[in-house]
Protein chains: 2
Amino acid sequence: MAHLIKEIGRFQEFLQKQGLKLTGERTALLREIFSTHYHFEADELLFKMKEKGAKISRATVYRTLELLVKSGMVRRVHLGEDHYHYEHVTGNSHHDHLICTTCGGVIEFNDPILEERQHEICAKKKFTPTFHNLQILGVCDSCTKKGEQPDAPDRVQMIQTASLRLRK
Amino acid sequence: MAHLIKEIGRFQEFLQKQGLKLTGERTALLREIFSTHYHFEADELLFKMKEKGAKISRATVYRTLELLVKSGMVRRVHLGEDHYHYEHVTGNSHHDHLICTTCGGVIEFNDPILEERQHEICAKKKFTPTFHNLQILGVCDSCTKKGEQPDAPDRVQMIQTASLRLRK
DNA sequence: GTCTGGACTGAGACTCAGTCTCAACTAACA
DNA sequence: TGTTAGTTGAGACTGAGTCTCAGTCCAGAC
């Protein structure tokens, strides 16, 4: 778990700069996030902590996630439409998501050409970008092989949330 | 308002196919959406209807929006992170959004090169896309001219919701 | 050692968008 | 007129996320 020491150090450094403290609860959450989860929800994290016997409240989970997002170590993403998901940031790799509306699976990708084109569009519109968010919804290879049909495009907006919920 | 007759006709046709009826409430909502709103929230629409003296309940607003989305005449988009926004669809033009985190303004764009690249990425990953969603957050030209500074990229995720709320 | 101020915590109340339920209503049609 | 099925409003409900507040912790000051 040598890499977790590094992550904890980074978080502590960030906290100290703000006059904040690295507490037992914060460390426990950090460990949980970086050792097992990848994409997760706040309440799922809370549940996992309780399962492990750690007494950590909802409020602390949300407060700590906020700090982790501010520190840049965790990203807020939305894979469905209805509420936030989180993912920890390892290294610095920005990426976007392909989301299978059938199985709820998430495929990450990072495409420099796409990023470059976005910058060109912003330049043309005299818009200074700071952050972007791209989700492509559809059906993944393995679901296609199982014979799943992609939903009609008009319908995907209505069903995507339901599909993602199935995954829990 | 000749174009509204066309819209109402399209909606009625959709409803009839499902054995549903075009009621006064549904017509009133359709008129409101297509005559004045562009990007709007469900509760904002409800408020506008009440302001005009139309007695329409929250449940009916949500139910009608769901039908309109299913019919393809209205799209659900998320401009901020916290809840849905809706936009009516005129013609068939798909587009994405540049969202100013300072003034909450929304600029639409449609870029075939970007779309094409997304399809290439999906093909490479053997993913069958049905729908996508791209928001680029940043600072628009007029805010930049007013001297607004873009927020540090790490922070944008935390502030975007708040900024959009200011716009109401 | 103990004081003190400020950060931290858990419990639970609260908010707010969105959903659901249910009884009353309405339109279509035999 | 009776039947059937879709529609509606009111308000209860849900669930993610936020806020409040009293109590706890802890590092530095005395």
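Within every chain, numbering begins at 1; the chains are lettered A, B, ... in the order of the sequence lines, protein sequences first and strands thereafter. Quantities reported herein were computed from a predicted structural model and do not represent experimental measurements.
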Decide, yes or no, whether a salt bridge links A/D111 with B/R117 under the criterion of side-chain N to carboxylate O below 4.0 Å.
-> yes

Rounded to the nearest angstrom, tell me the gap between atom CD in B/E66 and atom C1' in C/dA17.
-> 14 Å

Report yes if a side-chain nitrogen or oxygen of A/T23 is closer than 4.0 Å to either non-bridging phosphate oxygen (OP1 or OP2) of D/dC25; otherwise report no.
-> no

Identify, residue by residue, the members of residues 50-58 of chain A with a heavy atom below 4.0 Å from DNA chain D, and return them in order of residue number, or none.
-> A/R58

Rounded to whole angstrom units, what separation is found between the CD atom of B/E41 and the P atom of C/dC16?
-> 12 Å

Derivation of the salt bridge (charged side-chain N to carboxylate O under 4.0 Å, His left out) call for A/K52 and A/E32 | CA-CA 10 Å; A/K52 294 193 173 185; A/E32 181 62 27; 2.8 Å; yes

Row check, A/Y86 ring normal vs A/R76 NZ/CZ: under 6.0 Å, within 45° | no

Residues B/K48 and B/E44 bridged, charged N to O under 4.0 Å = no

Atom CD of B/Q18 and atom P of D/dT7 are separated, to the nearest Å, by 10 Å

Which part of the nucleic acid, if any, lies within contact of B/R26, taking any heavy atom under 4.0 Å across all strands shown: a base, the sugar-phosphate backbone alone, or nothing?
-> sugar-phosphate

Which of the following nucleotides, C/dT9, D/dT8, C/dA7, is nearest to the side chain of A/L20?
-> C/dA7

hbond_proxy B/R63 side chain to D/dG6 base (donor-acceptor, 3.5 Å cutoff) | no

For A/L46 and D/dA16, give me the distance from atom CG to atom P, rounded to whole Å.
-> 10 Å

What one-letter contact string describes nucleotides 23-29 of chain C from 5' to 3', where B marks a base within less than 4.0 Å of any protein heavy atom, S marks contact via sugar-phosphate atoms alone, and - marks no contact?
-> -------

Of the nucleotides C/dT9, D/dT18, C/dA17, which has the atom closest to the A/T60 side chain?
-> C/dT9

Between B/H83 (NE2) and D/dT18 (P), how many Å, whole number?
-> 14 Å

Taken to the nearest whole Å, OH/B/Y84 to C1'/D/dG15 is 13 Å

In whole angstroms, the gap separating C1' of D/dC26 from CD of A/Q12 amounts to 14 Å

Decide if atom NE2 of A/H119 counts as having more than 12 heavy atoms of other residues, nucleotides or ligands within a radius under 6.0 Å.
-> no

So B/H97 and B/H39, would you call those rings parallel, tilted or perpendicular, with 30° and 60° as cut-offs?
-> perpendicular

Under 4.0 Å between a Lys/Arg side-chain N and an Asp/Glu carboxylate O for B/R10 and B/E7?
-> yes

Please determine, for the side chain of B/A42, which listed nucleotide (D/dT18, C/dG18, C/dT21) has the closest atom?
-> C/dG18

CD/B/E120: more than 12 non-hydrogen atoms of other groups inside 6.0 Å = yes

Could you state the atom-to-atom distance from CG of A/L15 to C1' of D/dC25 in whole Å?
-> 16 Å

Please check the phosphate of D/dT18 (OP1 and OP2 only) for any side-chain N or O of A/Y62 closer than 4.0 Å.
-> no

Within 6.0 Å of CD in B/E108, more than 12 heavy atoms from elsewhere = yes

Decide whether A/E87 and A/H95 meet the rule of one side-chain donor and one side-chain acceptor closer than 3.5 Å.
-> yes

